[in-house]
Amino acid sequence: MVAYNFKDQFARLVEAGIKRQTVQLCRQRPTRVGDTLQLYTGMRRPGARLLRVERCTCVSQVEIYRGEISVNGDNLGPMSTQDFTWRDGFSRVE
């Protein structure tokens, strides 16, 4: 199983199944399609809470540089970037 921790600001969205993606740094053992994911908030703190358990359905390489996002080497345009950030739990692109 693979555990991911989410900030309090995203916990409600993760728990409700609305936030269904996350951008994370590379791990020593990369997450793979089919892995069972344990999604927490407050990990390594008293009161940590399991939000949900899901199966990983997709893994993509994401690069973010100066407000531009590329997924698996394909640059996203402005509308796609806005959609990507909204699906990741942010209300607008800065």
Side-chain angles (χ1 to χ4, degrees):
M1 282 200 211
V2 180
Y4 283 103
N5 187 55
F6 292 88
K7 293 181 180 180
D8 291 338
Q9 75 187 72
F10 299 119
R12 183 182 54 78
L13 297 172
V14 172
E15 192 169 35
I18 296 168
K19 178 175 168 48
R20 300 189 52 84
Q21 73 178 34
T22 187
V23 177
Q24 301 283 328
L25 291 174
C26 295
R27 301 166 73 102
Q28 188 172 7
R29 185 233 176 243
T31 303
R32 298 182 196 124
V33 172
D35 282 350
T36 299
L37 308 175
Q38 294 177 325
L39 310 177
Y40 286 91
T41 190
M43 267 176 54
R44 299 180 187 88
R45 295 188 326 215
R49 187 164 59 97
L50 178 64
L51 302 172
R52 56 189 305 124
V53 176
E54 291 288 339
R55 178 109 21 223
C56 178
T57 59
C58 180
V59 176
S60 301
Q61 183 175 344
V62 176
E63 294 180 31
I64 302 172
Y65 182 72
R66 294 190 178 193
E68 293 187 14
I69 300 174
S70 67
V71 178
N72 294 329
D74 295 326
N75 289 328
L76 302 182
M79 292 303 291
S80 295
T81 296
Q82 184 65 42
D83 183 55
F84 181 90
T85 55
W86 181 82
R87 284 185 281 125
D88 206 46
F90 296 94
S91 59
R92 62 189 172 105
V93 178
E94 300 263 345

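Paired with I64 under the rule side-chain contact (heavy atoms from CB on, under 4.5 Å), one option of I69, T85, T81 passes, and it is I69.
Minimum interatomic distance between N75 and S70 (heavy atoms only, all atoms of both residues): OD1-CB, 3.3 Å. The nearest pair of heavy atoms linking A48 to G42 is CB-O, 3.1 Å. Counting all heavy atoms, side chain and backbone alike, V14 lies closest to R52 at O-CD, 2.8 Å.
The side-chain contact (heavy atoms from CB on, under 4.5 Å) test applied to Q21 returns F84, R87, D88, not counting sequence neighbours. Contacts of F6 classified as ring-ring contact (aromatic ring centres under 6.0 Å, His included), with partners at least two apart in sequence or in another chain: none. Take R27 and apply the side-chain contact (heavy atoms from CB on, under 4.5 Å) test, not counting sequence neighbours, and it matches V2, Y4, T31. When the salt bridge (charged side-chain N to carboxylate O under 4.0 Å, His left out) test is applied to R49, the partners found at least two apart in sequence or on another chain are E15.
For the atom pair CG (N72) and SG (C58), the distance works out to 7.0 Å, reported to the nearest 0.5 Å.
Under a hydrophobic-cluster definition in which Ile, Leu, Val, Met, Phe, Trp and Tyr are linked whenever side-chain heavy atoms come within less than 4.5 Å, directly or via other members, V23 and V71 are assigned to the same cluster. Transitive grouping of hydrophobic side chains (ILVMFWY, heavy atoms separated by less than 4.5 Å) keeps L37 and L50 in distinct clusters.
For residues 38-48, every residue pair satisfying the side-chain hydrogen bond (donor to acceptor under 3.5 Å, both in side chains) rule, not counting sequence neighbours, is listed here: D8-T41.
Two residues are said to be in side-chain contact when any heavy atoms from C-beta on lie closer than 4.5 Å; K19 and L51 fail this criterion. L76 places none of its side-chain heavy atoms less than 4.5 Å from the side chain of D83.
In R12, the CZ atom is not crowded: 12 or fewer heavy atoms of neighbouring residues, nucleotides or ligands sit closer than 6.0 Å. In this structure, Q9 places its CD atom where more than 12 heavy-atom neighbours from other residues, nucleotides or ligands lie under 6.0 Å away.
Other members of a hydrophobic cluster containing M1 are absent, since no ILVMFWY side chain comes under 4.5 Å of it, directly or through relayed contacts.
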